[in-house]
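Have a look at the structure below before the remarks.
Side chains included, hydrogens not; waters and symmetry mates left out as well; all remaining heavy atoms used. By convention in this document, chain letters (A, B, ...) are assigned in the order of the sequence lines, proteins followed by strands, and residues within each chain are numbered from 1.
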Amino acid sequence: METLYLSHSNITKLHAICEEYNNDPGELINVLHAAQGALGYLPAEVQEVIASKLKIPVSKVYGVVTFYSFFTMTPNGKYPVSVCLGTACYVRGAEKILEELERQLEIKVGETTQDGLFSLDCLRCVGACGLAPVISIGGKVYGRVTPEKVKKILSEYYFQEK
Amino acid sequence: MNVVKTLDDLMCVRNAAVAFSESNHPAESVEIKISMATCGIAAGAREVNNYLAALTKREQIPVNIVQTGCMGYCYAEPTIEVTLPGGEPVVFGFVNNAKVDNIVTHYIRKGVMPEDAVWIKDKVQTGTDSSPRQLHIALRNCGHIDPENIDDYIKADGYLALGKTVTQMTPDQVIKIIMDSGLRGRGGGGFPTGLKWQITRKVEASRKYVVCNADEGDPGAFMDRSILEGDPHTVIEAMVINGYCTGADRGLVYIRAEYPLAIERLKVAMRQAREYGFLGERIFGTDFSFDIEIRYGAGAFVCGEETALIHSMEGKRGEATVKPPFPSESGYNGFPTNVNNVETYANIPAIILKGAEWFGRIGTGKSKGTKVFALAGKINKVGLVEVPMGTTLREVIFQIGGGIKDGKKFKAVQTGGPSGGCLTEKHLDLPIDYDNLLAAGSMMGSGGMIVMDEDDCMVAMAQFYLDFSVEESCGKCTPCRIGNKRLHEILQKITSGVGEESDLERLRNLAIVIKDTALCGLGQTSPNPVLSTMNNFYDEYIAHVRNQACPAHQCRKLTQYFIDPEKCTGCTLCSRSCSVDAIKGERKTPHVIDPILCVRCGTCFDKCKFNAVYVH
């Protein structure tokens with residue numbers, strides 16, 4: 001694993017989050033949600049800080065982080081792209097959308113583009129099945145997507161960056 | 001705001017709320033409801049709302065715009081419901097700013113239906129008519145009230161059931177009503193709700209918990225999200241009643257972090273309920289106190305299982321444990337815990353107000369009441385429907401759902417999500433209830449209903465669900481962790497065209513072993529999609545292993561696209577839409593697909609206007 005040093009201010013932030021939940025190990029999941037919200041992801045160093053603050057083994061924190069799909073140990077791109085692979089989207093062609101995104105972004109699921117702009121992920125159902133297939137980019141939901149629309153949607157973001 | 005201490009106080013609040021809205025919105029104002037659930041907002045409901053508000057203000061039309069939860073017409077989002085003074089409500093679908101202009105100029109101003117309006121004519125009945133197509137009990141307020149306004153809920157008899165329960169009834173009397181009603185758990189298992197409450201009540205402990213399971217993990221199901229977004233107070237009210245009956249003073253809502261809007265509305269509702277005294281100390285002036293906290297899920301399907309859910313709330317990995325002990329005896333932090341699903345809770349206030357007998361008259365022998373289904377997939381009217389138990393699949397899919405998309409042929413419908421099975425043509429007239437679905441090789445599940453047409457390969461479908469189960473397995477027991485992985489590998493082999501007939505035998509045997517030996521509900525039901533597709537579509541499996549062919553042309557490795565030179569006009573549409581440049585040819589001459597470059601996405605097939613592209 002690549003070495004990374006947390007800044008002093010980030011350590012303070014993590015301590016504050018743990019204290020907000022009374023350093024209660026029973027609140028571990030809420031703590032991790034808050035930590036990921038603040039820092040974007042949960043690398044090993046972050047887990048170590050949380051473990052020592054809550055007085056539990058790092059292995060326990062790691063076990064929880066890797067168990068739940070919501071938590072990630074790698075940083076997301078500036079615009080995280082998620083393809084819904086729920087059943088409704090699947091039968092309406094979500095796989096083709098995913099392949100098209102992989103082709104356009106030249107990355108695989110779980111990776112981030114070299115320029116750090118996009119990361120690609122799958123998720124299970126945002127509950128917008130009426131608009132299937134659905135993708136979300138940075139929280140914005142795009143419905144009734146087709147492989148041809150993918151390029152157009154991405155170009156909005158490339159355009160913003162120019 | 002004064003805290004509500006008696007039933008009379010509640011009536012005062014209600015009367016005040018009615019008087020307030022009457023004084024603010026005189027009789028001549030037009031009532032407009034906008035469906036503002038997650039899918040409505042994604043489709044542009046917020047823009048429509050802003051535009052409509054600005055337009056009516058500018059034109060000085062007296063209106064009362066209410067932002068409601070899901071109306072259930074997901075296929076036609078954004079949807080709005082317009083009620084002219086003294087008129088019947090009319091629902092418009094696919095609304096955008098241009099349509100709003102027309103609705104205002106023609107319908108609101110002149111009472112004439114605009115030509116381009118998509119007018120949704122289905123009427124949902126909320127009464128007790130003999131055989132209504134849809135009957136809304138759990139969804140009774142969804143799409144009708146503003147979920148962020150507690151007064152709206154109180155006007156719709158909200159918190160009346162709670163008031164009656166804690167001031168006039170003993171816990172045993174309430175439990176008896178729930179038992180007599182025949183209500184069974186709507187999360188999938190179908191365990192009698194009243195009995196569950198009674199078991200928790202009888203256990204002696206210094207502390208007890210009431211939990212609401214809002215970890216809707218079945219991909220393609222959105223009933224619980226819609227209820228929480230459209231009517232959060234009903235869930236809060238029912239949890240407090242549950243606390244009163246079981247002797248718990250704390251409630252926990254376990255909700256998916258993927259549902260930010262539902263979480264937000266629940267938080268708003270909890271804050272309002274506290275202000276009015278429906279949560280907190282001495283509810284309705286009695287000695288009973290109760291409050292609710294929210295716990296977030298983090299994306300794990302297995303956490304819908306009671307024991308796994310409880311571990312997750314304790315901040316641990318969501319692994320299932322052997323039952324007994326049941327959570328009713330030893331649950332959250334070792335205390336007795338009563339876990340019910342969102343939809344189950346949404347039924348409670350209605351049952352208490354209208355009585356067990358009323359509820360018991362709806363439905364079939366052992367399945368009383370209604371069930372909410374999230375109807376999705378290859379169907380014309382994707383939406384949220386609530387029908388009495390005993391309604392047939394045909395009625396749901398073809399009458400309410402409007403039949404199959406693009407005039408294709410119905411093939412199968414999956415109920416119960418990854419734990420359920422597929423039902424086919426021959427099951428269409430089966431009355432839907434817990435027992436019938438089990439007997440047909442599927443299950444009720446939480447209410448996802450995914451419709452598939454002739455283009456869906458059932459072997460690939462089984463593989464899709466297995467893919468899900470493999471990923472979601474908590475890894476604790478061997479049959480689920482390793483068995484499902486092996487099942488998935490065999491299916492992968494079959495869909496890649498290298499399967500053999502002996503694989504089918506292995507597939508079935510392994511599926512049965514996993515079903516019999518896995519630890520929790522997830523593992524025991526994960527082979528269901530394999531077994532039910534094998535039972536109903538064995539010929540498709542045979543075609544894959546014997547002829548290396550996929551009859552639905554869905555399995556990529558078994559299909560190849562060609563262009564018929566006789567039919568191709570050389571319009572170049574296909575080559576322009578091909579994202580990998582696999583189609584070559586000059587304008588006005590027949591085109592050719594390069595099989596090596598082709599990724600079998602099927603875009604050319606869908607695009608060609610001359611049916612020149614075909615599959616083998």
At a heavy-atom separation under 4.5 Å, does [X] approach chain A through its side chain, its backbone, both, or neither?
| X | value |
| --- | --- |
| Arg576(B) | neither |
| Tyr259(B) | side chain |
| Glu471(B) | side chain |

Electrostatic pair [X]:[Y] at N-O distance under 4.0 angstrom:
| X | Y | answer |
| --- | --- | --- |
| Lys411(B) | Asp456(B) | no |
| Glu148(A) | Lys96(A) | no |
| Asp453(B) | Lys378(B) | yes |

Counting only heavy atoms from other residues, nucleotides and ligands, does the tally under 6.0 Å from CD of Glu161(A) exceed 12?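 Counting other residues, nucleotides and ligands, CD of Glu161(A) exceeds 12 neighbours.
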[options]: which one forms the most heavy-atom pairs within less than 4.5 Å of chain A?
| options | answer |
| --- | --- |
| Ala221(B), Gly318(B), Gly217(B) | Gly318(B) |
| Cys474(B), Gly417(B), Gly602(B) | Cys474(B) |
| Cys39(B), Gly377(B), Cys74(B) | Gly377(B) |
| Met452(B), Glu258(B), Gln554(B), Arg295(B) | Arg295(B) |
| Glu77(B), Lys316(B), Glu319(B) | Lys316(B) |
| Arg317(B), Met223(B), Glu314(B) | Arg317(B) |

Any idea which of [options] has the most non-hydrogen atom pairs under 4.5 angstrom with chain B?
| options | answer |
| --- | --- |
| Leu131(A), Val91(A), Leu28(A) | Val91(A) |
| Leu85(A), Thr87(A), Val141(A) | Thr87(A) |
| Cys89(A), Ser136(A), Cys129(A) | Cys129(A) |

Main-chain N/O of Gly420(B) paired with Ser442(B) side-chain donor or acceptor, under 3.5 Å: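 No, the answer is negative, given that no donor and acceptor are paired below the 3.5 Å cut-off.
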Looking only at atom types and distance, does a side-chain atom of Ser35(B) sit under 3.5 Å from a main-chain N or O of Thr79(B), one as donor and one as acceptor?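 Not confirmed, Ser35(B) side chain does not pair with Thr79(B) backbone.
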Just grab all the side-chain hydrogen bond (donor to acceptor under 3.5 Å, both in side chains) pairs involving residues 64-75 of chain A, residues at least two apart or on different chains.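 Output for this query lists Tyr68(A)-Ser312(B), Thr72(A)-Thr74(A).
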At a heavy-atom separation under 4.5 Å, does Glu100(A) approach chain B through its side chain, its backbone, both, or neither?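 Side chain of Glu100(A) only, per the 4.5 Å heavy-atom cut-off to chain B.
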Less than 4.5 Å apart, any side-chain heavy atom of Gln36(A) and any of Phe71(A)?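 A side-chain contact under 4.5 Å exists here.
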According to side chain to side chain donor-acceptor pair (under 3.5 Å), who are the partners of Asp467(B), at least two apart in sequence or on a separate chain?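 Only His488(B) meet the side chain to side chain donor-acceptor pair (under 3.5 Å) criterion with Asp467(B).
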